[in-house]
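Below is one structure, written out as structure tokens, with a few remarks after it.
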Amino acid sequence: MTEEVRTEFHQLMDEVRADLVQMGGMVAEGISAVTAALLAGDIGSADQIIAADDELDLLSLEAEEKCVQLLALQQPVAVDLRTILTDLRMISEIERSGDLVTNIAKAVARLHGVELEPRLRGLIDRMREQAVKLTAKAMDAYAERDAGLASVLNDMDDVLDDLHNTYIVAVFESHELGKIIIQHAVQLAVVGRFYERIGDHAVNVAERVEFLVTGELPEHLGANRARARREQEEM
């Protein structure tokens with residue numbers, strides 16, 4: 001491999017890294033923007049958020065094409081290969097989070113005119129806050145190659161899961177009290193699920209960072225236990 005090709009290879013890897021960080025930032029900003037639109041019943045802003053998802057899709061496609069180019073440019077091994085495989089998985093995770101932001105935006109029109117009681121509004125905003133934190137921390141861990149930071153995301157996600165569970169109960173209590181009709185209660189419950197899923201994708205990104213740094217994924221531990229049991233049974 002010539003020095004020129006090697007330089008091009010690492011420049012492309014740096015570009016993909018920058019693309020992913022930018023995508024993560026777009027998602028984090030989108031979570032806050034769509035929550036503001038949801039709480040304000042702002043259909044115009046929601047439509048802009050839906051249209052903006054095209055930019056995230058384009059960036060994810062370009063990043064994926066760069067990864068394919070990297071694989072074709074040389075036959076990467078060890079850390080370089082692990083980095084490219086991690087990036088490919090992360091592109092998908094971040095893009096799916098963007099889709100979830102879009103799904104929340106689409107719900108704004110369906111919930112237009114619905115008066116949300118303060119408790120529901122507060123829980124939605126707290127889910128927003130935690131989803132943004134998870135996304136930002138996951139991307140920080142990736143940018144800094146920090147497996148320790150990545151490892152704390154499971155506990156952070158537990159907070160979002162608890163908020164989600166509390167929110168679901170509050171939604172249907174609001175319906176039982178006659179404050180919202182069942183169709184709106186179901187739509188609000190679905191919106192809550194979107195926030196919860198954004199957290200799950202952030203955790204998946206963090207797990208990929210741990211794989212990038214250590215070469216191990218959480219499921220490897222389970223696979224190793226299964227392999228050991230299988231070997232024991234064959235003895």
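- For residues 131-141, the salt bridge (Lys or Arg N to Asp or Glu O under 4.0 Å) pairs, not counting sequence neighbours, are E129-K133.
- By the neighbour-count criterion of 12 heavy atoms within 6.0 Å, atom NE2 of H10 is densely surrounded, having more than that number from other residues, nucleotides or ligands.
- Atoms CG and CG, on D80 and L70 in that order, are 9.0 Å from each other to the nearest 0.5 Å.
- Sequence neighbours left out, the pairs with a member in residues 181-203 that pass salt bridge (Lys or Arg N to Asp or Glu O under 4.0 Å) are R193-E196, R197-D200.
- With a 4.5 Å cut-off on side-chain heavy atoms, D155 and D158 count as touching.
- Across all their heavy atoms, A46 and A37 have their closest contact at N-CB, 4.1 Å.
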Would L85 and R208 satisfy side chain to side chain contact (heavy atoms under 4.5 Å, CB included), going step by step from the backbone distance to the final call? CA-CA 9 Å; L85 294 177; R208 287 292 148 184; over 6 Å; no
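- Checked by atom type and distance alone, the side chain of S45 never pairs as donor or acceptor with a backbone atom of D42 at under 3.5 Å.
- Going from atom CD1 of I168 over to atom CG of L188 covers 9.0 Å, rounded to the nearest 0.5 Å.
- Linking Ile, Leu, Val, Met, Phe, Trp and Tyr residues whenever their side-chain heavy atoms come within less than 4.5 Å places L163 and V152 in a single cluster.
- When the side chains of ILVMFWY residues are joined at heavy-atom separations under 4.5 Å, either directly or via intervening members, V213 and V79 end up in two distinct hydrophobic clusters.
- H201 places no side-chain N or O within 3.5 Å of a backbone atom of I94 that could act as its donor or acceptor partner.
- Listed by first and then second residue, the salt bridge (Lys or Arg N to Asp or Glu O under 4.0 Å) pairs that reach into residues 95-114 come to none, sequence neighbours excluded.
- For the residue pair A138 and V205, the shortest heavy atom distance occurs at CB-CG1, 3.8 Å.
- Cluster annotation: F9 and V68 are assigned to distinct hydrophobic clusters (Ile/Leu/Val/Met/Phe/Trp/Tyr, side-chain heavy-atom contacts under 4.5 Å, transitive).
- Taking 4.5 Å as the limit, some side-chain heavy atom of V203 sits within range of a side-chain heavy atom of E207.
- I50 and I43 fall into different hydrophobic clusters, defined by Ile, Leu, Val, Met, Phe, Trp and Tyr side-chain heavy atoms under 4.5 Å apart, directly or through other members.
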Donor-acceptor pairs are to be reported for all side-chain atoms of residues 13-30 against protein atoms at under 3.5 Å, with residues two or more places apart or in another chain.
unit_1: E15; atom_1: OE1; unit_2: K66; atom_2: NZ; d: 3.3
unit_1: R17; atom_1: NH2; unit_2: A143; atom_2: O; d: 2.4
unit_1: D19; atom_1: OD2; unit_2: K66; atom_2: NZ; d: 2.9

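- With a 4.5 Å cut-off on side-chain heavy atoms, F172 and I182 count as touching.
- Contact of the I198 side chain with the L134 side chain is not registered, since no non-hydrogen atoms from C-beta on lie closer than 4.5 Å.
- Taking the side chain as every heavy atom from C-beta outward, V209 and R145 never approach each other to under 4.5 Å.
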Side chain to side chain contact (heavy atoms under 4.5 Å, CB included) evaluation trace for T86 with M90: CA-CA 6 Å; T86 296; M90 284 184 57; 3.8 Å; yes
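- Separating the OG1 atom in T83 from the CG atom in L88 is a distance of 11.0 Å, to the nearest 0.5 Å.
- The two residues S60 and I91 make their nearest non-hydrogen contact at O-CG2, 3.6 Å.
- Note that NE2 of H175 is 8.0 Å distant from CD1 of I180, once rounded to the nearest 0.5 Å.
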I would like to know whether V101 and I49 meet side chain to side chain contact (heavy atoms under 4.5 Å, CB included); could you show each step before the answer? CA-CA 8 Å; V101 170; I49 292 166; 3.9 Å; yes
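- Residues L111 and I181 do not share a hydrophobic cluster, clusters being chains of Ile/Leu/Val/Met/Phe/Trp/Tyr side chains in contact below 4.5 Å.
- Residue D146 holds its CG atom at 11.5 Å from CG of L212, rounded to the nearest 0.5 Å.
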Determine, step by step, whether L100 and N103 satisfy the side chain to side chain contact (heavy atoms under 4.5 Å, CB included) criterion, reporting the C-alpha distance in whole Å, the side-chain angles of both residues, the deciding distance to 0.1 Å, and the verdict. CA-CA 5 Å; L100 290 165; N103 289 344; 4.1 Å; yes
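- Across A202 and T135, no two heavy atoms sit closer than the pair CB-N, 4.0 Å.
- Judged purely by distance below 3.5 Å, without hydrogens or angles, the side chains of Y195 and T35 pair a donor atom with an acceptor atom.
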Mind listing the side-chain donor-acceptor pairs of residues 114-127 below 3.5 Å, one per line with the distance, residues two or more places apart or on another chain?
unit_1: E117; atom_1: OE1; unit_2: K179; atom_2: NZ; d: 3.3
unit_1: E117; atom_1: OE2; unit_2: S174; atom_2: OG; d: 3.0
unit_1: R119; atom_1: NH1; unit_2: E173; atom_2: OE1; d: 2.9
unit_1: R121; atom_1: NH1; unit_2: L39; atom_2: O; d: 2.9
unit_1: R121; atom_1: NH2; unit_2: L39; atom_2: O; d: 3.2
unit_1: D125; atom_1: OD1; unit_2: R128; atom_2: NE; d: 3.2
unit_1: D125; atom_1: OD1; unit_2: R128; atom_2: NH2; d: 3.0
unit_1: D125; atom_1: OD2; unit_2: R128; atom_2: NH2; d: 3.2

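- Pairing each heavy atom of A107 with each of Q187, the nearest pair is CB-NE2, 3.5 Å.
- Annotation: side chain of D157 is in contact with side chain of L160 (closest heavy-atom distance under 4.5 Å).
- Here the straight-line distance linking atom CD of Q130 with atom CD1 of I31 works out to 11.0 Å at 0.5 Å rounding.
- Sorted by first and then second residue, the salt bridge (Lys or Arg N to Asp or Glu O under 4.0 Å) pairs involving residues 43-58 (not counting sequence neighbours) form an empty list.
- Taking both residues in full, the closest heavy atoms of S32 and V132 are given as OG-CG2, 3.6 Å, listed atom of the first, atom of the second, then distance.
- For the pair D87/Y142, a side-chain contact is recorded, criterion being any heavy-atom separation below 4.5 Å from C-beta on.
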